[in-house]
Amino acid sequence: MQKSLKNRWDALSGNTRGVLLVILGMLCWAVLDSCNKQLMSRGLAPKQVLFLQATLVLLLLLPLAILTRGRAMATRNPRLHLIRALFIVTSAWCAAWAVAHLPLAEASAYLMTGSLFMLPLGVMLLGEKPHGLRWLGVGVGFCGVLVILQPGVDAFRLAALVALLGAFMESMLGVVLKKYSADEKAIAVLTWSQVACWLTFGLFTGFSLPTVPWDLWWLLPLVALSASGIYLAYFHAYRAGDASAVEAGSFSLLLFSPALGYVFFNEVPALVFWLGAGLLVAGIALVIIEPKGRAT
(Lines give C-alpha, C1' and ligand atoms only; values in the text may rest on other atoms or scores of the structure.)
Protein backbone atom coordinates (compact mmCIF):
# COMPACT_ATOMS: atom_id res chain seq x y z
CA MET A 1 0.00 0.00 0.00
CA GLN A 2 2.82 2.36 0.87
CA LYS A 3 4.45 1.68 -2.50
CA SER A 4 1.14 2.28 -4.28
CA LEU A 5 0.67 5.62 -2.54
CA LYS A 6 4.23 6.61 -3.42
CA ASN A 7 3.66 5.72 -7.07
CA ARG A 8 0.49 7.81 -7.14
CA TRP A 9 2.33 10.69 -5.50
CA ASP A 10 5.20 10.48 -7.98
CA ALA A 11 2.72 10.38 -10.88
CA LEU A 12 1.43 13.84 -9.97
CA SER A 13 2.99 16.84 -11.68
CA GLY A 14 5.64 18.71 -9.72
CA ASN A 15 3.41 21.78 -9.35
CA THR A 16 0.52 19.66 -8.04
CA ARG A 17 2.75 17.97 -5.45
CA GLY A 18 4.06 21.38 -4.47
CA VAL A 19 0.58 22.81 -4.02
CA LEU A 20 -0.49 19.88 -1.81
CA LEU A 21 2.61 20.34 0.34
CA VAL A 22 1.89 24.05 0.70
CA ILE A 23 -1.68 23.21 1.81
CA LEU A 24 -0.16 21.01 4.53
CA GLY A 25 2.12 23.91 5.45
CA MET A 26 -0.91 26.23 5.66
CA LEU A 27 -2.63 23.88 8.10
CA CYS A 28 0.50 24.01 10.25
CA TRP A 29 0.58 27.80 9.88
CA ALA A 30 -3.04 28.19 11.02
CA VAL A 31 -2.38 25.98 14.06
CA LEU A 32 0.78 27.94 14.92
CA ASP A 33 -1.00 31.30 14.61
CA SER A 34 -3.82 30.05 16.84
CA CYS A 35 -1.35 28.89 19.48
CA ASN A 36 0.62 32.14 19.34
CA LYS A 37 -2.54 34.24 19.54
CA GLN A 38 -3.63 32.37 22.66
CA LEU A 39 -0.23 32.92 24.26
CA MET A 40 -0.24 36.62 23.38
CA SER A 41 -3.78 37.00 24.70
CA ARG A 42 -2.39 35.98 28.10
CA GLY A 43 0.18 38.77 28.18
CA LEU A 44 3.17 37.42 26.25
CA ALA A 45 4.73 39.91 23.81
CA PRO A 46 5.35 38.85 20.18
CA LYS A 47 9.13 38.84 20.70
CA GLN A 48 8.71 36.54 23.73
CA VAL A 49 6.46 34.18 21.79
CA LEU A 50 8.97 34.02 18.91
CA PHE A 51 11.89 33.34 21.27
CA LEU A 52 9.84 30.60 22.95
CA GLN A 53 8.88 29.16 19.55
CA ALA A 54 12.49 28.98 18.33
CA THR A 55 13.57 27.40 21.62
CA LEU A 56 10.89 24.71 21.38
CA VAL A 57 11.79 23.83 17.76
CA LEU A 58 15.49 23.58 18.60
CA LEU A 59 14.68 21.35 21.58
CA LEU A 60 12.62 19.16 19.25
CA LEU A 61 15.62 18.86 16.92
CA LEU A 62 18.15 18.23 19.71
CA PRO A 63 17.77 14.39 19.81
CA LEU A 64 18.35 14.24 16.03
CA ALA A 65 21.43 16.43 16.38
CA ILE A 66 22.80 14.12 19.09
CA LEU A 67 22.02 10.89 17.19
CA THR A 68 23.66 12.14 13.99
CA ARG A 69 26.44 14.02 15.78
CA GLY A 70 25.34 17.17 14.02
CA ARG A 71 25.58 15.72 10.50
CA ALA A 72 21.86 16.23 9.85
CA MET A 73 22.27 19.96 10.52
CA ALA A 74 25.52 20.42 8.61
CA THR A 75 25.22 23.02 5.87
CA ARG A 76 26.96 23.29 2.53
CA ASN A 77 25.92 26.87 1.99
CA PRO A 78 26.27 29.15 5.04
CA ARG A 79 25.59 32.17 2.83
CA LEU A 80 22.08 30.82 2.21
CA HIS A 81 21.31 30.93 5.91
CA LEU A 82 22.76 34.41 6.41
CA ILE A 83 20.56 35.74 3.61
CA ARG A 84 17.53 33.85 4.91
CA ALA A 85 18.12 35.10 8.46
CA LEU A 86 17.24 38.69 7.51
CA PHE A 87 14.00 37.69 5.78
CA ILE A 88 12.90 35.07 8.28
CA VAL A 89 13.32 37.27 11.34
CA THR A 90 11.38 40.12 9.71
CA SER A 91 8.68 37.78 8.41
CA ALA A 92 8.24 36.01 11.75
CA TRP A 93 7.94 39.25 13.71
CA CYS A 94 5.48 40.77 11.22
CA ALA A 95 3.30 37.65 11.28
CA ALA A 96 3.24 37.44 15.09
CA TRP A 97 2.54 41.16 15.48
CA ALA A 98 -0.26 41.07 12.91
CA VAL A 99 -1.88 38.03 14.55
CA ALA A 100 -1.77 39.82 17.91
CA HIS A 101 -3.55 42.92 16.54
CA LEU A 102 -5.97 41.51 13.94
CA PRO A 103 -8.63 38.79 13.85
CA LEU A 104 -7.01 35.51 12.86
CA ALA A 105 -8.82 35.23 9.51
CA GLU A 106 -7.97 38.80 8.47
CA ALA A 107 -4.30 38.49 9.43
CA SER A 108 -4.10 35.25 7.47
CA ALA A 109 -5.65 36.87 4.39
CA TYR A 110 -2.93 39.50 4.30
CA LEU A 111 -0.14 37.03 5.06
CA MET A 112 -1.17 34.71 2.24
CA THR A 113 -0.59 37.44 -0.36
CA GLY A 114 2.97 36.15 -0.46
CA SER A 115 1.75 33.82 -3.22
CA LEU A 116 0.90 36.88 -5.32
CA PHE A 117 4.21 38.63 -4.65
CA MET A 118 5.92 35.41 -5.71
CA LEU A 119 4.88 35.74 -9.35
CA PRO A 120 6.77 38.95 -10.24
CA LEU A 121 9.64 37.90 -7.96
CA GLY A 122 9.80 34.52 -9.72
CA VAL A 123 10.07 36.28 -13.07
CA MET A 124 12.65 38.85 -11.96
CA LEU A 125 14.82 36.71 -9.71
CA LEU A 126 14.27 33.08 -10.74
CA GLY A 127 13.81 33.37 -14.49
CA GLU A 128 10.39 31.69 -14.42
CA LYS A 129 8.11 32.17 -17.43
CA PRO A 130 4.51 32.14 -16.18
CA HIS A 131 1.53 31.96 -18.51
CA GLY A 132 -1.00 34.79 -18.87
CA LEU A 133 -3.51 33.30 -16.45
CA ARG A 134 -1.03 33.65 -13.62
CA TRP A 135 -0.71 37.38 -14.28
CA LEU A 136 -4.50 37.71 -14.41
CA GLY A 137 -4.67 35.82 -11.10
CA VAL A 138 -2.27 38.27 -9.47
CA GLY A 139 -4.48 41.18 -10.53
CA VAL A 140 -7.67 39.54 -9.25
CA GLY A 141 -5.96 38.52 -6.01
CA PHE A 142 -4.74 42.01 -5.23
CA CYS A 143 -8.25 43.34 -5.89
CA GLY A 144 -9.34 40.97 -3.13
CA VAL A 145 -6.71 42.43 -0.82
CA LEU A 146 -8.01 45.96 -1.54
CA VAL A 147 -11.58 44.85 -0.78
CA ILE A 148 -10.48 43.54 2.62
CA LEU A 149 -8.39 46.67 3.28
CA GLN A 150 -11.25 48.98 2.22
CA PRO A 151 -9.13 51.99 1.22
CA GLY A 152 -10.43 55.20 2.72
CA VAL A 153 -12.36 53.46 5.53
CA ASP A 154 -9.72 53.26 8.24
CA ALA A 155 -8.14 50.81 5.85
CA PHE A 156 -4.41 51.16 5.88
CA ARG A 157 -4.07 50.22 9.51
CA LEU A 158 -0.60 49.62 10.79
CA ALA A 159 -1.36 45.96 11.56
CA ALA A 160 -2.55 45.33 7.98
CA LEU A 161 0.54 46.99 6.49
CA VAL A 162 2.79 45.01 8.83
CA ALA A 163 1.08 41.80 7.70
CA LEU A 164 1.63 42.70 4.03
CA LEU A 165 5.30 43.40 4.76
CA GLY A 166 5.49 39.98 6.39
CA ALA A 167 3.96 38.42 3.27
CA PHE A 168 6.55 40.11 1.07
CA MET A 169 9.38 38.92 3.32
CA GLU A 170 7.92 35.41 3.21
CA SER A 171 7.96 35.48 -0.59
CA MET A 172 11.59 36.62 -0.53
CA LEU A 173 12.31 33.62 1.70
CA GLY A 174 10.80 31.44 -1.02
CA VAL A 175 13.01 33.01 -3.68
CA VAL A 176 16.15 32.36 -1.63
CA LEU A 177 15.05 28.81 -0.86
CA LYS A 178 14.29 28.03 -4.51
CA LYS A 179 17.49 29.62 -5.82
CA TYR A 180 20.13 28.48 -3.37
CA SER A 181 18.99 25.32 -1.60
CA ALA A 182 19.07 22.68 -4.36
CA ASP A 183 21.82 20.80 -2.53
CA GLU A 184 20.78 21.75 1.00
CA LYS A 185 19.06 19.43 3.47
CA ALA A 186 15.60 20.23 4.80
CA ILE A 187 16.63 19.72 8.44
CA ALA A 188 19.61 22.04 7.96
CA VAL A 189 17.34 24.79 6.61
CA LEU A 190 14.92 24.32 9.52
CA THR A 191 17.70 24.29 12.11
CA TRP A 192 19.58 27.37 10.97
CA SER A 193 16.38 29.31 10.39
CA GLN A 194 15.43 28.71 14.01
CA VAL A 195 18.92 29.49 15.23
CA ALA A 196 18.60 32.90 13.53
CA CYS A 197 15.26 33.50 15.26
CA TRP A 198 16.58 32.24 18.60
CA LEU A 199 19.58 34.59 18.52
CA THR A 200 17.61 37.62 17.30
CA PHE A 201 14.62 37.38 19.58
CA GLY A 202 16.83 36.12 22.38
CA LEU A 203 18.71 39.44 22.24
CA PHE A 204 15.40 41.32 22.32
CA THR A 205 14.21 39.40 25.38
CA GLY A 206 17.51 39.04 27.23
CA PHE A 207 17.45 35.29 26.50
CA SER A 208 14.77 34.94 29.14
CA LEU A 209 11.98 32.47 28.43
CA PRO A 210 8.50 33.81 29.24
CA THR A 211 6.34 32.28 31.92
CA VAL A 212 3.61 30.25 30.25
CA PRO A 213 0.39 29.76 32.27
CA TRP A 214 -0.04 26.14 33.31
CA ASP A 215 -3.33 25.78 31.47
CA LEU A 216 -1.57 26.63 28.18
CA TRP A 217 1.34 24.19 28.46
CA TRP A 218 -0.49 21.79 26.14
CA LEU A 219 0.14 24.32 23.36
CA LEU A 220 3.93 23.98 23.53
CA PRO A 221 4.32 20.70 21.60
CA LEU A 222 1.85 22.02 19.02
CA VAL A 223 3.99 25.14 18.59
CA ALA A 224 7.13 23.08 18.00
CA LEU A 225 5.52 20.62 15.60
CA SER A 226 3.52 23.17 13.58
CA ALA A 227 6.45 25.59 13.26
CA SER A 228 8.65 22.73 12.02
CA GLY A 229 5.92 21.51 9.67
CA ILE A 230 5.71 24.89 7.92
CA TYR A 231 9.42 24.91 7.03
CA LEU A 232 9.61 21.26 5.98
CA ALA A 233 6.46 21.45 3.84
CA TYR A 234 7.64 24.59 2.07
CA PHE A 235 11.14 23.21 1.53
CA HIS A 236 9.87 20.16 -0.35
CA ALA A 237 7.13 22.14 -2.12
CA TYR A 238 9.65 24.54 -3.63
CA ARG A 239 11.79 21.66 -4.77
CA ALA A 240 8.79 20.04 -6.44
CA GLY A 241 7.54 22.83 -8.71
CA ASP A 242 7.64 26.46 -9.80
CA ALA A 243 7.71 28.84 -6.86
CA SER A 244 5.01 31.05 -8.39
CA ALA A 245 2.73 28.03 -8.94
CA VAL A 246 3.06 26.04 -5.71
CA GLU A 247 2.31 29.14 -3.63
CA ALA A 248 -1.27 28.84 -4.89
CA GLY A 249 -1.82 26.25 -2.17
CA SER A 250 -1.74 29.08 0.35
CA PHE A 251 -5.43 29.84 -0.40
CA SER A 252 -6.26 27.03 2.01
CA LEU A 253 -5.22 29.30 4.88
CA LEU A 254 -8.51 31.12 4.29
CA LEU A 255 -10.30 27.89 5.20
CA PHE A 256 -8.20 26.87 8.19
CA SER A 257 -7.76 30.24 9.93
CA PRO A 258 -11.41 31.36 10.05
CA ALA A 259 -12.37 27.94 11.38
CA LEU A 260 -9.79 28.07 14.16
CA GLY A 261 -10.55 31.74 14.83
CA TYR A 262 -14.21 30.88 15.35
CA VAL A 263 -13.52 27.81 17.53
CA PHE A 264 -10.91 29.36 19.83
CA PHE A 265 -11.61 33.12 19.73
CA ASN A 266 -15.28 33.35 18.67
CA GLU A 267 -14.24 35.51 15.71
CA VAL A 268 -16.76 35.78 12.85
CA PRO A 269 -15.38 37.59 9.77
CA ALA A 270 -17.55 40.33 8.24
CA LEU A 271 -19.23 39.91 4.87
CA VAL A 272 -16.69 42.22 3.20
CA PHE A 273 -13.91 39.87 4.33
CA TRP A 274 -15.55 36.94 2.55
CA LEU A 275 -16.01 39.01 -0.60
CA GLY A 276 -12.33 39.96 -0.62
CA ALA A 277 -11.29 36.44 0.33
CA GLY A 278 -13.35 35.08 -2.55
CA LEU A 279 -11.50 37.32 -5.00
CA LEU A 280 -8.20 36.34 -3.42
CA VAL A 281 -9.00 32.64 -3.78
CA ALA A 282 -10.17 33.17 -7.37
CA GLY A 283 -6.93 34.95 -8.18
CA ILE A 284 -4.82 32.17 -6.71
CA ALA A 285 -6.95 29.57 -8.53
CA LEU A 286 -6.06 31.29 -11.81
CA VAL A 287 -2.40 31.16 -10.81
CA ILE A 288 -2.56 27.39 -10.29
CA ILE A 289 -4.24 26.57 -13.64
CA GLU A 290 -1.82 24.97 -16.08
CA PRO A 291 -2.87 25.40 -19.73
CA LYS A 292 -2.62 22.25 -21.82
CA GLY A 293 0.96 21.49 -22.67
CA ARG A 294 2.35 23.73 -19.90
CA ALA A 295 2.08 21.42 -16.87
CA THR A 296 5.36 20.59 -15.21
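Numbers for residues simply follow the sequence, beginning at 1.
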**OP:** Indicate yes or no: at least one non-hydrogen side-chain atom of Val89 is less than 4.5 angstrom from one of Phe204.
**Re:** no
**OP:** Examine the side chains of Glu170 and Ser91 and answer whether a donor and an acceptor come within less than 3.5 Å of each other.
**Re:** yes
Subject >> Parallel, tilted or perpendicular, as decided by the 30° and 60° cut-offs, for the rings of Phe207 and Trp198 >> reply: tilted
Original post:
Side chains of Leu64 and Met73: does their closest heavy-atom pair fall under 4.5 Å?
Top reply: yes
**OP:** Examine distances only and state if a side-chain atom of Gln194 and a backbone atom of Thr191 form a donor-acceptor pair shorter than 3.5 Å.
**Re:** no
Subject >> Linked hydrophobic residues, Leu67 as query - side chain contacts closer than 4.5 Å >> reply: none
Subject >> Shortest non-hydrogen contact from Pro213 toward Trp217 >> reply: O-CD1, 3.0 Å
Original post:
Does the side chain of Leu52 reach to within under 4.5 Å of the side chain of Val212, using non-hydrogen atoms?
Top reply: yes
**OP:** Quick one: pull up CE in Met169 and CZ in Phe87 and give me the separation to the nearest 0.5 Å.
**Re:** 6.0 Å
Original post:
Does some side-chain heavy atom of Leu219 sit less than 4.5 Å from a side-chain heavy atom of Leu216?
Top reply: yes
**OP:** Determine which pairs satisfy salt bridge (charged side-chain N to carboxylate O under 4.0 Å, His left out) with at least one residue from residues 208-223, sequence neighbours left out, and list them in order.
**Re:** Arg42-Asp215
**OP:** Look at the side-chain heavy atoms of Ile, Leu, Val, Met, Phe, Trp and Tyr, link any pair under 4.5 Å apart, and say whether Leu209 and Leu62 land in one connected group.
**Re:** no
Subject >> Summary of side chain to side chain donor-acceptor pair (under 3.5 Å) pairs that have at least one residue in residues 58-67, sequence neighbours excluded >> reply: none
Subject >> Within one Ile-Leu-Val-Met-Phe-Trp-Tyr cluster: Leu59 and Val195, side-chain cutoff 4.5 Å >> reply: no
Original post:
Tyr234 versus Leu21: any side-chain heavy-atom pair under 4.5 Å?
Top reply: no
**OP:** Taking the side chain as every heavy atom from C-beta outward, state whether Ser193 and Tyr231 have any pair of such atoms under 4.5 Å apart.
**Re:** yes
Original post:
Do Met26 and Leu225 share a hydrophobic cluster (ILVMFWY, side-chain heavy atoms under 4.5 Å, transitive)?
Top reply: no
Subject >> Heavy-atom check, side chain of Leu190 versus side chain of Ser228, under 4.5 Å >> reply: yes
Original post:
Looking only at heavy atoms, what is the nearest atom pair of Asn36 and Val223, with distance?
Top reply: OD1-CG2, 4.4 Å
Original post:
Considering residues at least two apart in sequence or located in another chain, which fulfil the ring pair (Phe, Tyr, Trp, His ring centres under 6.0 Å) criterion with His236?
Top reply: none
**OP:** Kindly say whether Phe168 contributes a backbone atom to a donor-acceptor pair with the side chain of Ser171 at under 3.5 angstrom?
**Re:** yes
Subject >> By salt bridge (charged side-chain N to carboxylate O under 4.0 Å, His left out) - contacts of Arg71 (at least two apart) >> reply: none
Subject >> Shared hydrophobic cluster for Leu24 and Val189 (ILVMFWY, side-chain gaps under 4.5 Å) >> reply: no
Got a list of side-chain donor-acceptor pairs under 3.5 Å for residues 92-100, not counting sequence neighbours?
none

Original post:
Mind checking whether Leu60 and Ile230 sit in one hydrophobic cluster, side chains of I, L, V, M, F, W, Y counted as touching below 4.5 Å?
Top reply: no
